[in-house]
Amino acid sequence: MSSSSLPGVDASASPPTAKRSVGDLARAAVSGWLGTALEFMDFQLYSLAAALVFSQIFFAGGDAAMAVVLAMATYGVGYVARPVGAFFFARIGDKIGRKQVLFYTILLMGAATTLIGVLPTYEQVGILAPILLVILRLAQGFGAGAEISGAGVMLAEYAPDNRRGIVASLVALGTNCGTLFASGIWAILLAVMMESDVIAWGWRIPFIGSAVIMLFALWVRFNLKESPVFEERTDVVDGKALSRAELKKVATETNDIRTLESLERKPLKAVLVSFFLRFGQAGNSGIVQTYLISFITITLAVSKEVGPEVVIVSSLLGFITIPVVGWLGDRFGRRRMYIVMSALSLALIVPTLLLINSREVGWIFVGYALIHNISVLGLASMENISIPEIFGARNRYTLTAVVREIAAIIATGIGPVIAAAWVAAATGSIVPIMVLMGVFTASALVAALVAPEWTGRDLTDPRAAM
């Protein structure tokens with residue numbers, strides 16, 4: 001039986017080139033930026049709430065240090081659902097396209113965040129309060145699991161080959177915008193409201209208000225065109241990917257060497273390199289953007305306003321760091337930039353954390369801004385394009401999402417919990433934070449050192465880069 005017997009498949013024809021205008025690229029960029037901004041705003045809203053007030057609202061009645069550990073553990077719960085959501089949604093995205101999946105992920109993620117803002121407290125309903133919080137965190141994580149990966153894949157597949165780094169850096173800018181917006185809201189609340197009012201009802205405002213961004217992002221995505229690379233894939237017929245058996249038949253009859261190689265070769269090295277690149281950045285993100293704020297506020301006993309304010313200042317600087325690193329990745333190669341940025345991060349861990357540990361507000365700002373921009377935002381700028389580039393066309397979304405989220409659940413999900421417990425056991429020492437960040441950063445450096453260069457490869461190639 002010839003391949004032409006498969007419905008809609010012409011074995012002799014190449015897929016048409018999918019044309020996209022500058023306006024289409026701009027819409028895709030805004031879509032990725034908005035979705036990622038909402039995701040990180042959601043998680044930063046929670047992480048700051050966990051550090052500042054949730055230990056009193058949902059985990060009241062126990063030891064203060066243990067309440068912080070429980071609040072951080074609930075933050076980590078959101079990461080438990082992310083790999084499941086990543087696998088579920090990303091497989092659909094590889095089969096029928098990225099556009100539909102990205103619409104539903106942002107809807108689920110945004111709705112869960114909004115509902116956190118109307119939850120009853122521990123004082124009102126007892127143990128039911130943290131149970132409901134965990135359920136919403138699971139729903140939030142399930143939707144978020146495929147969100148940033150899908151945004152990164154979409155922009156990678158839209159962007160010109162020699163501009164992928166700076167275009168895809170908009171995804172990382174989305175993370176920065178979300179972090180900045182969440183931190184700004186918290187800073188305003190703490191500045192204009194009495195602490196008792198924030199704990200009583202003020203903490204609800206940012207969660208409920210996030211619905212505005214969700215609705216705008218849904219409108220943008222509803223009008224978004226599908227990824228051109230998805231439409232140009234040789235295994236996509238009438239908007240749907242062929243099964244493995246159908247694809248193998250077509251590839252064999254047409255002598256499609258690239259496809260046959262992709263079906264026979266397991267991308268183990270690509271998976272491992274991507275995993276450790278992500279593990280390094282995600283681990284640093286969890287420590288710096290989540291636990292370090294709690295450490296500054298509770299362990300160092302610095303004013304509660306300082307934590308959100310340092311995040312705001314550092315995030316503003318990130319609007320320079322992120323696109324510059326993305327551009328440098330286009331100019332010099334992403335592998336080389338990973339090596340440079342990871343080595344610089346390792347060198348800065350001890351001095352920057354010592355500045356933070358000084359309890360001097362000015363030095364806290366300097367130390368936090370340096371370590372946040374180098375170890376978190378700089379690596380995120382390259383990560384969002386690197387992992388989609390490393391994987392082949394047929395399973396790009398699935399492998400990108402699953403690798404990112406498994407690394408995140410290990411690094412970001414449990415990192416702040418380990419940090420909180422270890423620092424408590426070490427009676428407030430900052431050394432455990434230094435050790436954890438050293439491990440995370442070294443993992444990204446080693447992964448980059450053992451990988452071949454992957455910058456600018458053909459994204460319609462079904463084979464992995466290594």
Side-chain angles (χ1 to χ4, degrees), residues 20 24-25 27-43 78-79 81-112 139-159 164 167-175 177-178 213-214 217-231 233 236 239-241 274 278 282 380 383-408 459:
R20 294 291 183 269
D24 293 329
L25 174 59
R27 190 173 292 109
V30 171
S31 167
W33 168 70
L34 275 174
T36 307
L38 180 62
E39 175 186 350
F40 271 75
M41 186 184 75
D42 293 347
F43 275 74
Y79 287 89
R82 289 178 71 112
V84 181
F87 182 76
F88 176 82
F89 284 117
R91 276 178 60 83
I92 297 173
D94 277 329
K95 289 180 180 179
I96 65 171
R98 288 73 163 101
K99 175 185 173 179
Q100 294 183 52
V101 168
L102 287 172
F103 183 87
Y104 291 114
T105 56
I106 201 168
L107 176 62
L108 177 59
M109 183 178 65
Q140 190 185 54
F142 190 76
E147 169 58 41
I148 193 170
S149 299
V153 167
M154 182 69 96
L155 281 185
E157 294 181 344
Y158 253 92
R164 287 179 193 157
V167 171
S169 73
L170 290 171
V171 176
L173 276 181
T175 71
C177 290
I213 297 177
M214 175 187 68
L218 286 172
W219 176 77
V220 171
R221 288 193 174 176
F222 186 78
N223 295 285
L224 181 64
K225 291 182 180 179
E226 183 54 76
S227 153
V229 170
F230 178 82
E231 293 185 349
R233 277 169 41 185
V236 171
K240 185 177 180 181
S274 299
R278 170 62 172 156
E383 173 193 289
N384 286 307
I385 180 59
S386 292
I387 298 179
E389 264 187 326
I390 287 172
F391 290 122
R394 181 171 168 81
N395 297 308
R396 173 171 293 122
Y397 194 173
T398 302
L399 290 175
T400 296
V402 171
V403 165
R404 282 179 56 93
E405 299 311 325
I406 290 177
L459 294 186

Considering all heavy atoms, the nearest A146-G85 contact: CB-O, 4.1 Å
For S149 against Y397, the heavy-atom pair lying closest together: C-CE2, 4.1 Å
For the residue pair F89 and G143, what are the closest heavy atoms and their distance? CE1-CA, 4.3 Å
Between OH of Y158 and CZ of R164, what distance do you get to the nearest 0.5 Å? 15.0 Å
Interatomic spacing from OH in Y104 to CE in M109 - rounded to 0.5 Å: 15.5 Å
Checking V167 against L25 for the side-chain contact (heavy atoms from CB on, under 4.5 Å) test, could you report, in this order, the C-alpha distance in whole Å, the side-chain angles of both residues, the deciding distance, and whether it holds? CA-CA 9 Å; V167 171; L25 174 59; 4.2 Å; yes
For the atom pair CG (N384) and CD1 (I148), what is the distance rounded to the nearest 0.5 Å? 4.5 Å
Quick one: CZ on F87 to CD1 on I92, what's the gap to the nearest 0.5 Å? 10.5 Å
Do you know which two heavy atoms are closest between A241 and R394, and how far apart they sit? CB-NH1, 4.2 Å
Below 4.5 Å, heavy atoms only, C-beta onward: do R27 and K225 meet side chain to side chain? no
Closest heavy-atom pair, R404 versus R278, reported as atoms and distance to 0.1 Å, is O-NE, 3.2 Å
Taking C-beta and beyond as the side chain, do E389 and L459 meet within less than 4.5 Å on heavy atoms? yes
Heavy atoms only: give me the nearest S227-R98 pair and the separation to one decimal. CB-CD, 4.1 Å
CE-CE distance between M41 and M214, expressed to the nearest 0.5 angstrom: 10.0 Å
Atom NZ in K99, atom CE in M154: separation rounded to 0.5 Å? 8.5 Å
Residue pairs passing the salt bridge (Lys or Arg N to Asp or Glu O under 4.0 Å) test with at least one member in residues 146-155, sequence neighbours excluded, are E147-R221
Is there a donor-acceptor pair under 3.5 Å between the side chain of T105 and the backbone N or O of L102? yes
For R91, enumerate each residue passing the salt bridge (Lys or Arg N to Asp or Glu O under 4.0 Å) test, keeping only those at least two apart in sequence or located in another chain. none
